[in-house]
Peer 1: 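Quick one: the structure is below, and I'll ask about it shortly.
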Amino acid sequence: MSGLKKILSPSILSADFKKLGEELETIDKAGAEYVHVDVMDGLFVKSISFGMPVIKSARSATDKVFDVHLMIEEPIRYIEDFVKAGADIITVHVEACKDVVATLEKIKECGVKAAITLNPPTPVSAIEPYLDKVDMVLVMSVNPGFGGQKFIPESLDKVKEIRSLLDAKGLDTDIEIDGGVNAGNLASILEAGANVIVAGSAIFSGDVADNVKKFKEIMGAW
């Protein structure tokens, strides 16, 4: 993991959409590398968030990497649309795909990075067959669908297990973590082996620039 860049990916689900352009500029200038975009369809998860038009609009406000997390059923249907809207990385849930390999291949065919994720109750074994087909693995540290949830400590065991599997396969793959991440638990997350950090309310509540800088300082110490 030592060779992997540590990346902050603020989740705009927690941003103030009245001033989204300003929020994106703030996290950009403060040092965040990615923009995390949560897409929910009301089927795979109970909530509904936003889709291609919002992503396309936000895309015009920043050149940062758009890290698009699809919490939707059969995401293969919309891969091309999300790429056209501006996605640079597309993450799909192993639980939501009838044909995981075809979905990941579709993402790659569209010229962007492919990532896979799993819900907290899902064992790591469910994604193990696909580890050599992805650029990133996302570990959900809350149950997907709502922001502001508390971090599930057992997620750290998943991160360690996935990092061990990747190391055994000789894969230098990013591990992202999403859900309940804050400055208080960030060090333990980095120690477990995650290097791409998603944070929503911990970034967009209060002074956004200061929050980003605080996260980056902690990440820089590892």
Peer 1: Has the side chain of Asp135 got a donor or acceptor atom that lies under 3.5 Å from a matching backbone atom of Ala115?
Peer 2: no

Peer 1: Would you confirm whether Glu95, through its side chain, and Asn119, through its main-chain N or O, come within 3.5 Å as a donor-acceptor pair?
Peer 2: yes

Peer 1: Considering only heavy atoms from C-beta outward, does the side chain of Tyr78 approach that of Leu70 to under 4.5 Å?
Peer 2: no

Peer 1: Is the shortest heavy-atom distance from the side chain of Val112 to the side chain of Ile107 under 4.5 Å?
Peer 2: yes

Peer 1: Does Lys160 offer a backbone N or O that forms a donor-acceptor pair with the side chain of Ser164 under 3.5 Å?
Peer 2: no

Peer 1: Main chain of Trp222, side chain of Lys6: is a donor-acceptor contact present, judged purely on distance under 3.5 Å?
Peer 2: yes

Peer 1: Please name the pair of heavy atoms, one in His36 and one in Asp178, separated by the smallest distance, quoted to 0.1 Å.
Peer 2: NE2-OD2, 3.3 Å

Peer 1: Report yes if some heavy atom in the side chain of Leu165 is under 4.5 Å from a heavy atom in the side chain of Leu171; otherwise report no.
Peer 2: no

Peer 1: State, with a plain yes or no, whether a side-chain heavy atom of Leu8 is found less than 4.5 Å away from one of Ile203.
Peer 2: yes

Peer 1: Between Lys64 (side chain) and Ala32 (backbone), is there a donor-acceptor pair under 3.5 Å?
Peer 2: yes

Peer 1: Is there any salt bridge (Lys or Arg N to Asp or Glu O under 4.0 Å) pair reaching into residues 212-222, and which pairs are they, with sequence neighbours excluded?
Peer 2: Glu33-Lys216

Peer 1: So Arg163 and Leu166, do their side chains get closer than 4.5 Å, heavy atoms only?
Peer 2: yes

Peer 1: Please name all residues satisfying side chain to side chain donor-acceptor pair (under 3.5 Å) with Asn182, sequence neighbours left out, ordered by chain then number.
Peer 2: none

Peer 1: With distance as the sole test, does Asn211 use its side chain to make a donor-acceptor pair with the main-chain N or O of Gly206 at under 3.5 Å?
Peer 2: no

Peer 1: I want to check something: taking the side chain as every heavy atom from C-beta on, are Ile189 and Val159 in contact at a cut-off of under 4.5 Å?
Peer 2: no

Peer 1: Locate the shortest heavy-atom distance separating Ser141 from Val181; write the atom from each residue and the value.
Peer 2: OG-CG2, 4.4 Å

Peer 1: Answer yes or no: is there a side-chain heavy-atom contact under 4.5 Å between Tyr34 and Val198?
Peer 2: no

Peer 1: If you measure from the Lys or Arg side-chain nitrogens to the Asp or Glu carboxylate oxygens, is any gap between Arg59 and Asp88 under 4.0 Å?
Peer 2: yes

Peer 1: Has the side chain of Asn185 got a donor or acceptor atom that lies under 3.5 Å from a matching backbone atom of Gly180?
Peer 2: yes

Peer 1: Quick check: do Ser49 and Leu13 have side-chain heavy atoms less than 4.5 Å from each other?
Peer 2: yes

Peer 1: What orientation do Phe44 and His93 show, parallel under 30°, tilted 30 to 60°, or perpendicular over 60°?
Peer 2: tilted

